[in-house]
Participant: 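Could you have a look at this structure, given as structure tokens, before my questions?
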Amino acid sequence: MHCVRKITDDINLVGASDRRLALFENLYPIPEGVAYNAYIVEDDKTVLIDTTDKSVVEQFKENIAYALNGRGLDYIIVNHMEPDHSATLEEIARTYPEAVIVCNAKISQMIKNYFALDMQGRIKLVKEGDVLETGRHKFTFVMAPMVHWPEVMVTYDLYDKTLYSADAFGSFGAIGAALFNDQVDFDRDCLDDARRYYTNIVGKYGTQVQAVLKKAAGLEIARICSLHGLIWRNHFNYILDKYNKWSTYTPEEKGVLIAYASVYGNTENAVNILAARLADKGVTNVKICDVSKTHPSYILSDAFKYSNIVLASTTYNAGIFTNMHDLITDIVAHGLKNRAYSIIENGSWAPVSGKLMQDELAKLPGSRFVGDKVTITSSVKEETVEKLYVLADSIAADIIGEEAAAADAGDVTVDNKAFFKITYGLFVLTSGDKAKKGGCIVNTVIQVTDTPKRISVAVNKANYTCELINKTGVFNACMIDEDADFKLFQDFGFRSGRDVDKFAGRDDVAYAANGLPYINKACNAFISVNVTERIDAGTHMVFIGEVTEAKVLSDVNSASYNYYSKNIKPAPPKKEGGKKGFVCKVCGYVYEGDTLPEDFVCPWCKHGASDFEPLK
């Protein structure tokens with residue numbers, strides 16, 4: 001039975017996923033499967049963009065037939081000839097003999113190489129910048145050689161701004177319920193697979209990827225349809241930034257990848273000591289991998305991710321331990337540039353693995369070595385520990401700077417008073433639906449990006465407003481100005497929307513285009529936002545969204561938290577006689593008593609004991 005997914009009114013995803021395949025290209029583990037994407041575009045003429053692997057051919061044919069709905073197939077655009085995207089081309093060409101095959105000259109030659117069916121009389125050759133019109137849609141072609149095969153091109157629809165990107169922007173992983181990038185937490189659920197796909201499949205060809213990125217920069221893009229993985233329909237800068245880093249061999253993060261080869265556990269012992277020392281010196285972004293257990297495709301991916309790489313290997317057959325040798329060969333083959341390496345070797349009588357590893361890594365442009373090579377003779381001794389500490393200190397200094405690395409992490413303190421030096425604005429945050437609306441006071445609204453305009457806000461999970469935003473996906477942020485009085489803060493900050501209607505009886509309420517209220521007095525502007533991302537931050541939810549409306553209400557200065565404390569919040573009551581107590585620095589609530597319980601929560605503003613100070 002067909003399983004076709006609608007991307008737009010005209011674009012249908014007709015490919016299929018394979019969750020049974022264990023190894024992609026008979027090499028890379030894919031525990032989450034893989035998607036083979038292909039697309040039918042409906043227009044005056046019908047267009048199939050790319051085909052699929054043989055493993056999903058029956059599903060693919062049913063999907064095409066359903067999407068065509070009795071119509072013929074006019075064109076087949078072939079962007080890439082690797083068999084996971086072209087193995088079914090011959091069968092589809094036989095099924096739809098009237099279809100014209102649109103491709104470049106190199107693809108045409110590969111079609112002859114792969115298939116017995118003579119398709120040359122049906123081929124329409126295109127070159128860079130040519131346009132194929134099918135009615136509303138106008139497809140133009142951009143050559144992308146060696147991303148990651150020599151014949152590759154990408155197709156761009158001038159009508160709806162869709163980029164059919166071949167393997168670029170693809171990922172390991174089958175497509176499930178979520179079809180679009182904004183339907184998942186991409187950082188948490190998909191980034192590792194996207195990075196592992198890029199680094200292993202395309203990673204060698206950074207220069208060629210950069211050339212394509214420069215071409216793509218000149219296109220207005222509404223969506224990206226890759227041959228693997230989810231469809232991108234927004235947040236393009238996010239994935240473009242990742243591709244720019246990966247293709248320029250720029251680390252995503254300052255941190256340490258430690259890959260080790262240990263036969264009897266002694267080299268592993270050294271690695272654990274090194275990692276513990278790194279943490280003591282303030283470097284906790286550390287990933288440890290056993291090369292005999294972790295597939296090299298995962299370690300290579302992490303090598304692209306981290307700034308510093310430690311390789312620790314026993315000497316084996318007068319060389320590098322087999323799995324470590326394979327990993328290094330893979331790193332060198334993929335041309336990973338600009339990394340800082342540190343080396344640990346082990347050997348019971350003739351340790352040579354360290355020098356051999358250094359010699360291989362030195363072939364890579366921009367490679368540098370941090371700290372002295374540490375040699376273990378069979379097992380770790382006290383003098384070895386000292387050398388490991390010195391190496392860890394050198395790595396920490398390379399990552400966080402010499403002064404920071406010189407201090408033990410145990411000497412670092414967190415002064416809560418420092419947080420009161422952060423400058424905050426103050427906002428009435430509103431949300432709700434037809435049944436109920438709510439609002440609260442927050443100081444965490446931030447503009448995240450300008451194009452498109454995105455706003456973030458962090459909201460305490462205990463607030464009813466947080467529940468409403470989570471439910472509806474919309475909110476308004478009203479910027480409180482210096483004309484505000486304390487009652488506004490009492491009304492929206494010290495009562496729960498679960499118990500009262502905060503908007504009842506107010507004469508300062510208006511409604512935005514999204515149907516939510518905003519405060520039009522004592523607020524100098526409001527912004528309406530549709531939530532696109534949610535981040536669970538423990539006690540708070542962080543909502544990120546795109547602006548749908550914004551309006552200036554007055555020219556009065558915005559109220560900062562400091563202004564509120566000095567000019568709006570009532571002065572704390574003075575201590576009378578022997579009266580003892582504590583006053584909330586946020587709202588002025590007074591707790592009477594000799595001591596304030598550590599778990600006390602202000603009944604007005606819900607801040608904890610750390611925001612109270614003794615009555616003066």
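Computed from a prediction, not measured in an experiment: that's the story for all the values here. No hydrogens, no waters, no symmetry mates; every other heavy atom, side chains included, goes into these values. Residue numbers start at 1 and run along the sequence shown.
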Participant: Report the residue from F427, F503, Y464 that forms a ring pair (Phe, Tyr, Trp, His ring centres under 6.0 Å) with F492.
Facilitator: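 Filter result, single survivor: F503.
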Participant: Could you check D43, D160, D9 and say which one makes a salt bridge (Lys or Arg N to Asp or Glu O under 4.0 Å) with R136?
Facilitator: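 Going through the options one by one, the only one that passes is D43.
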Participant: Quick one: does V445's side chain get under 4.5 Å of I455's, heavy atoms only?
Facilitator: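 Answer yes - side chains close enough.
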Participant: Check this for me, if you would: do D433 and K436 make a salt bridge, where the nitrogen-to-carboxylate-oxygen distance has to be below 4.0 angstrom?
Facilitator: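 Salt bridge flag = no for K436 with D433.
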Participant: Identify whether the distance between the nearest side-chain nitrogen and carboxylate oxygen of K487 and D485 falls below 4.0 Å.
Facilitator: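 Looking at K487 and D485, the cut-off is not met.
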Participant: Would you be so kind as to tabulate the donor-acceptor pairs closer than 3.5 Å made by side chains of residues 515-526, with sequence neighbours excluded?
Facilitator:
{"unit_1": "N524", "atom_1": "ND2", "unit_2": "V556", "atom_2": "O", "d": "2.8"}
{"unit_1": "N524", "atom_1": "ND2", "unit_2": "S558", "atom_2": "OG", "d": "3.0"}

Participant: Looking at K215, I'd like to know if its NZ atom is crowded, meaning that more than 12 non-hydrogen atoms belonging to other residues, nucleotides or ligands lie closer than 6.0 Å.
Facilitator: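 Yes, enclosed.
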Participant: Please determine if K502 and D491 form a salt bridge, counting it only when a charged side-chain N lies under 4.0 Å from a carboxylate O.
Facilitator: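 Looking at K502 and D491, the cut-off is not met.
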Participant: Show me, pair by pair, the donor-acceptor contacts under 3.5 angstrom made by side chains of residues 166-174, not counting sequence neighbours?
Facilitator:
{"unit_1": "D167", "atom_1": "OD1", "unit_2": "H85", "atom_2": "NE2", "d": "2.9"}
{"unit_1": "D167", "atom_1": "OD1", "unit_2": "Y197", "atom_2": "OH", "d": "3.0"}
{"unit_1": "D167", "atom_1": "OD2", "unit_2": "H80", "atom_2": "NE2", "d": "3.1"}
{"unit_1": "D167", "atom_1": "OD2", "unit_2": "H148", "atom_2": "NE2", "d": "3.1"}
{"unit_1": "S171", "atom_1": "OG", "unit_2": "A194", "atom_2": "N", "d": "3.3"}

Participant: Between V256 and Y306, is any pair of side-chain heavy atoms under 4.5 Å apart?
Facilitator: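 They are not in side-chain contact.
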Participant: Pick from Q447, M479, K453: which one makes a side-chain contact (heavy atoms from CB on, under 4.5 Å) with I527?
Facilitator: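 With I527 as partner, Q447, M479, K453 yield a single side-chain contact (heavy atoms from CB on, under 4.5 Å), made by M479.
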Participant: Within this structure, what is the CD1-CZ distance for the pair I224 and F236, rounded to the nearest 0.5 Å?
Facilitator: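 The CZ atom of F236 is 5.5 Å from CD1 of I224, to the nearest 0.5 Å.
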Participant: Quick check on salt bridge (Lys or Arg N to Asp or Glu O under 4.0 Å): which of K242, K245, K305 does E252 satisfy it with?
Facilitator: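 Between E252 and the candidates, salt bridge (Lys or Arg N to Asp or Glu O under 4.0 Å) is satisfied uniquely by K242.
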Participant: Out of N470, T465, T472, N514, which one pairs with S431 under the side-chain hydrogen bond (donor to acceptor under 3.5 Å, both in side chains) rule?
Facilitator: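 That would be T472; it is the only one of N470, T465, T472, N514 passing the side-chain hydrogen bond (donor to acceptor under 3.5 Å, both in side chains) with S431.
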Participant: Hey, is the main chain of K337 close enough, under 3.5 Å, to the side chain of R339 for a donor-acceptor pair?
Facilitator: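 At least one qualifying donor-acceptor pair exists.
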Participant: Just so I know, are the side chains of N234 and F180 near enough to count as touching, which here means a heavy-atom distance under 4.5 Å?
Facilitator: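 Not in contact.
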Participant: For K6, look at atom NZ and say whether over 12 heavy atoms of other residues, nucleotides or ligands are found less than 6.0 Å away.
Facilitator: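 More than 12 within 6.0 Å, yes.
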